[in-house]
2 protein chains.
Amino acid sequence: MSPIIPYFQSIYPLSTASQEALAGICREISIPKNQDLQSIGQTCKTLYFLKKGMARIYYVKDGMDVTEGFYGEFNLIARAESLFAGKPSQKGIQVLEDSELWSIDTSALTSLHEEHRDIERLFAKLFQKAYVETIQRIENLQFHAAEERYHLLEKEQPEVLKRAPLKFIASYLGITQVSLSRIRAKKS
Amino acid sequence: MSPIIPYFQSIYPLSTASQEALAGICREISIPKNQDLQSIGQTCKTLYFLKKGMARIYYVKDGMDVTEGFYGEFNLIARAESLFAGKPSQKGIQVLEDSELWSIDTSALTSLHEEHRDIERLFAKLFQKAYVETIQRIENLQFHAAEERYHLLEKEQPEVLKRAPLKFIASYLGITQVSLSRIRAKKS
DNA sequence: ATCCTAATTTAACATTTGTTAAATGCTTTT
DNA sequence: AAAAGCATTTAACAAATGTTAAATTAGGAT
């Protein structure tokens, strides 16, 4: 369990009692490469934090697989639109390599809110962080052309370029695989 | 003050005491067309809800004015990336027409959190809503070509097409004014 | 090692979007 | 009403991205 609680502490300080309560609902799990952590159609009832590995959230639109985002170590992974609405998600979560992660059941988490206000605030903050990252992503998609978006990804999540297959990266950037391959070729 | 408290109630139920406390920190203000509600460089310390009118959040990049989003009646308007970080915002808020709105000082709001847990949760929910809309916006920018994005805006915020000038709509969609004008011409 | 399959790159061409500049239309001011 | 200043549209061409298909490469399975 160890390194996840210190990570939480770095986001929002927790009382000793809250640390213990929270540690009590974190489960460690392992998932083999390419497997779905959560499938399309399921309602989001679990939050994940990667200990080791890499994951993506994806959806299928017009028969095409689209990667919405890539997530590395310690990133909060959740399908917020499903969690907040309590409705089935149109999105799935898949790991790109053999991964280890912590999972937290949201109803267990919610039941800690009454007694542990700091835990409620910690997760509010984690979602705020995710929200801000999403806003920045919009700026990126809205303002930059495909090639610039590629170089931004290269700068901000260089591991993704090494670990994710071309097709995932292309749909994440909002371009075709051929286009992405062309952009890469330019580099020389 | 009237209609804003019922709106809040529809998002998250509030005790009578909380309703009164919250009403006590809502201020009604009027702003003339084209004026900035908040300027670039200011730290976000106020939240707004439009009673009447329309607003946009914008930023300047490479000398170009880019509209990040349009906001209509009862929408929460805030520069989240600045609010959550406590840092100056690179974004401004401008009203597109003579507008009336409610403003809420964030430090006054925060001071209500301890005593009024329902208020804290109400605003957590409002930001969740905003977050989910942002996620959907990404799907839109990532997956759809310019013309489709235009038609989606037409469907989801038709008032924007009537009330906002071409240049704001174009940068919102991530295209040039000329391109937008061309898309419009196709319609016939 | 070899074969088989999937992933990536390359090529050729079509379509979309960007760029620059001019023409038209609309508002506001005088 | 005329003039001035913006906003929007149109046109012509350039650049970027999409599409289809073939060629190459890389990895896994036998």
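The model shown is predicted, which means the values in this text are computed figures rather than measured ones. Convention: sequence-line order gives letters A, B, ...; per-chain numbering from 1.
- Listed for the B:E148 side chain is a donor-acceptor partner under 3.5 Å among the backbone atoms of B:A145.
- Side-chain N/O atoms of A:E154 and A:H151 include a donor and acceptor closer than 3.5 Å.
- Between B:I4 and B:E28, the closest side-chain pair of non-hydrogen atoms is not below 4.5 Å.
- The distance from atom CG of A:D62 to atom C1' of D:dG18 is 15 Å, rounded to the nearest whole Å.
- Here the P atom of nucleotide C:dT9 and the CD1 atom of A:I183 are 12 Å apart, to the nearest Å.
- Cation-pi geometry between A:R163 and A:F168 is not met: the NZ or CZ atom fails to fall both under 6.0 Å from the ring centre and inside 45° of the normal.
- Looking at the side chain of A:I175, the nearest of the listed nucleotides C:dT19, D:dG18, D:dT10 is D:dG18.
- Under the 30°/60° scheme for interplanar angles, the aromatic rings of B:F123 and B:F49 are found to stand perpendicular.
- DNA chain C lies under 4.0 Å from at least one heavy atom of each of the following residues of residues 137-146 of chain B: B:A145, B:A146.
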At under 4.0 Å between heavy atoms, how does the protein contact nucleotides 20-30 of chain D? Give one character per nucleotide, 5' to 3', with B, S or -.
B----------

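- Rounded to whole Å, atom C1' of D:dA7 lies 15 Å from atom CG of B:D65.
- In this structure, A:Y131 and B:Y131 have tilted ring planes: the angle between them lies in the 30° to 60° band.
- When the P atom of D:dG18 is taken as reference, atom CG of A:L173 falls 10 Å away, rounded to whole Å.
- Counting to the nearest Å, the P atom of D:dT17 and the CZ atom of A:R184 are 16 Å from each other.
- A:E147 pairs with exactly one of A:L173, A:I183, A:I175 by the side chain to side chain contact (heavy atoms under 4.5 Å, CB included) rule, that one being A:I183.
- Phosphate proximity of C:dG18 to B:S179: present, with a side-chain N or O under 4.0 Å from OP1 or OP2.
- For the residue pair B:R79 and B:Y59, no side-chain donor N or O sits within less than 3.5 Å of a side-chain acceptor on the partner.
- The distance between atom CD1 of B:I169 and atom P of D:dT9, rounded to the nearest whole Å, is 10 Å.
- Distances shown here put a side-chain N or O of B:K167 below 4.0 Å from the OP1 or OP2 atom of D:dA7.
- Each of D:dT8, D:dA12, C:dT9 was ranked by its minimum atom distance to the side chain of B:Q177; first place goes to D:dT8.
- If you take CG of B:L180 and C1' of C:dT19, they are 16 Å apart, rounded to a whole angstrom.
- What separates CD of B:E147 from C1' of D:dG18 is a distance of 15 Å, to the nearest Å.
- Between the A:Q128 side chain and the B:A85 main chain, no donor and acceptor come within less than 3.5 Å of each other.
- Side-chain N/O atoms of B:T176 include one lying less than 4.0 angstrom from OP1 or OP2 on C:dG18.
- When each of C:dT17, D:dT9, C:dT10 is scored by its nearest atom to the side-chain atoms of B:R182, the top-ranked nucleotide is C:dT17.
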